[in-house]
A.B. asks: 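Sharing a structure here in structure tokens format.
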Number of protein chains: 2
Amino acid sequence: MNIGTASEKSGLPAKTIRYYEDIGLLRPDRAGNGYRDYSMSDVHRLRFLQRSRSLGFSVEECRQLLSLYGDKERESADVKAIAEIKLVEIDRKLAELTELRNTLRHLVHNCHGDDRPDCPIIDGLSGKATQ
Amino acid sequence: MNIGTASEKSGLPAKTIRYYEDIGLLRPDRAGNGYRDYSMSDVHRLRFLQRSRSLGFSVEECRQLLSLYGDKERESADVKAIAEIKLVEIDRKLAELTELRNTLRHLVHNCHGDDRPDCPIIDGLSGKATQ
DNA sequence: ATAAGGCTTCCAGTAACTGGAAACTCAAGG
DNA sequence: CCTTGAGTTTCCAGTTACTGGAAGCCTTAT
């Protein structure tokens, strides 16, 4: 499939997809006319990249994560070690994200939604209490 | 407190803290000697920025999120509306992160951890199945 | 008094895109 | 068949969000 379709399916702009190829994150085939030709496997890599980038992993971390799935040469012990390190990071992110959500949810539920600017959360988070 | 202490407490490099001031994300006091003087409230903003940036929110999104807590002038209806939009985003991120974790966890538990490179997950995620 | 370490500003460099120009390819309409 | 418009190519320049380094001031410890 062409880059436009891969872009739709992955949620990444075509520009970004070409950039990822430049830095060696994937290597799609080329059709006879010179157009890039993406397989479903490429699209999966791209979706994975879209997701992990949007979750705050650096490109290099994404490269490492991708290698967990893609690199058949890598030894299982390696895969397991790297995956375990990343798991810790992911769990930390999950905890932070959950906390952020709870705060916002509390904000939504406790605010009047009218004109009065006296949300109960605001003071707590602005640091008043702890100062 | 000085920028070094604020850096320790927030987990952000001093460089980044100055940069955030440049782009108007906080406005610490200045001591008599010209040094920046951070309050606990500043540190909370910084910790909030550290967290939300590491979770994949752009600086502009962080600015918007910060305004939910900080801007006493903003009307409650506004706060509620913005918070609800961000909640949807956060829930999506949570779902994606959970999925990523489950995949990695499965990888860790099902791999032998020895030399044999035959993790059961690898094929599924590399796109073989769906191709 | 001097040395070390932290702070200041400023300017340049990096990471990860993003936009735009000029040219080629392809599918559809006249 | 020709054209027109949309999609693709490469290349080069610009943007965002930092990050590193130089040069100089401030502070504390010997």
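Numbered from 1 within each chain, the chains take letters A, B, ... in sequence-line order. It should be emphasised that the depicted structure is a prediction, and the values quoted were computed from it without experimental measurement. Computation of the quantities below employed the complete heavy-atom set of this structure, encompassing side-chain atoms and omitting hydrogens, waters and symmetry-equivalent molecules.
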A.B. asks: Closest approach of A:M1 and A:D37, non-hydrogen atoms and distance?
C.D. replies: N-OD1, 2.7 Å
A.B. asks: Do B:K93 and B:F57 form a cation-pi contact, if we require the NZ or CZ to be under 6.0 Å from the six-membered ring centre and within 45 degrees of the ring's axis?
C.D. replies: yes
A.B. asks: At what distance, to the nearest 0.5 angstrom, does CZ of B:R47 lie from CG of B:L49?
C.D. replies: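 Going from the CZ atom of B:R47 to the CG atom of B:L49 covers 11.5 Å.
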A.B. asks: Taking 4.0 Å as the cut-off, does a side-chain nitrogen or oxygen of A:N33 come that near to OP1 or OP2 on D:dT8?
C.D. replies: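 For D:dT8, neither OP1 nor OP2 has a side-chain N or O of A:N33 closer than 4.0 Å.
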A.B. asks: State the CG-OG1 distance between B:L46 and B:T16, to the nearest 0.5 angstrom.
C.D. replies: 10.0 Å
A.B. asks: Rounded to whole angstroms, how far apart are CZ on A:R53 and P on C:dA15?
C.D. replies: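 For the pair A:R53 CZ and C:dA15 P, the rounded distance is 13 Å.
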A.B. asks: Within the pair A:R63 and C:dA16, is there a side-chain N or O less than 4.0 Å away from OP1 or OP2?
C.D. replies: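 Looking at the OP1 and OP2 atoms of C:dA16, neither is under 4.0 Å from any side-chain N or O of A:R63.
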A.B. asks: Whole angstroms only, please: what is the CD1-C1' distance between A:I3 and C:dT18?
C.D. replies: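 It is 14 Å, rounded to the nearest whole Å.
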A.B. asks: Please confirm whether the backbone N or O of A:S39 pairs with a side-chain atom of A:D42, one donor and one acceptor, at under 3.5 Å?
C.D. replies: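 Confirmed, A:D42 side chain pairs with A:S39 backbone.
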A.B. asks: Could you state the CG-P distance from B:D37 to C:dT8, rounded to the nearest angstrom?
C.D. replies: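 In whole Å, C:dT8 P and B:D37 CG are 10 Å from each other.
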A.B. asks: What is the separation between atom CG on A:D29 and atom P on D:dT8, rounded to the nearest whole Å?
C.D. replies: 16 Å
A.B. asks: Do any of residues 9-24 of chain A sit with a heavy atom less than 4.0 Å from DNA chain D, and if so which?
C.D. replies: A:K15, A:R18
A.B. asks: Separation of A:E60 atom CD from C:dC17 atom P, in whole Å?
C.D. replies: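 Answer to the nearest Å: 11 Å.
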A.B. asks: Rounded to whole angstroms, how far apart are CE on A:M1 and P on D:dT8?
C.D. replies: 12 Å
A.B. asks: From the set C:dA16, D:dT8, D:dA17, return the single nucleotide nearest to any side-chain atom of A:S58.
C.D. replies: C:dA16
A.B. asks: Please report the distance, rounded to the nearest Å, between CG in B:L25 and P in D:dT16.
C.D. replies: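 So the CG-P distance, B:L25 to D:dT16, works out to 14 Å.
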A.B. asks: State whether A:R36 places a side-chain N or O below 4.0 Å from either non-bridging phosphate oxygen (OP1 or OP2) of D:dT9.
C.D. replies: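 For A:R36, the contact criterion (side-chain N or O under 4.0 Å from OP1 or OP2 of D:dT9) is met.
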A.B. asks: If you apply the rule salt bridge (charged side-chain N to carboxylate O under 4.0 Å, His left out), what do you find for B:R18 with B:E21, and how did you get there?
C.D. replies: CA-CA 5 Å; B:R18 292 195 198 96; B:E21 181 179 347; over 6 Å; no
A.B. asks: Restricting to non-hydrogen atoms, name the atom on A:R30 and the atom on A:G34 that form the minimum distance, rounded to 0.1 Å.
C.D. replies: NH1-O, 3.1 Å
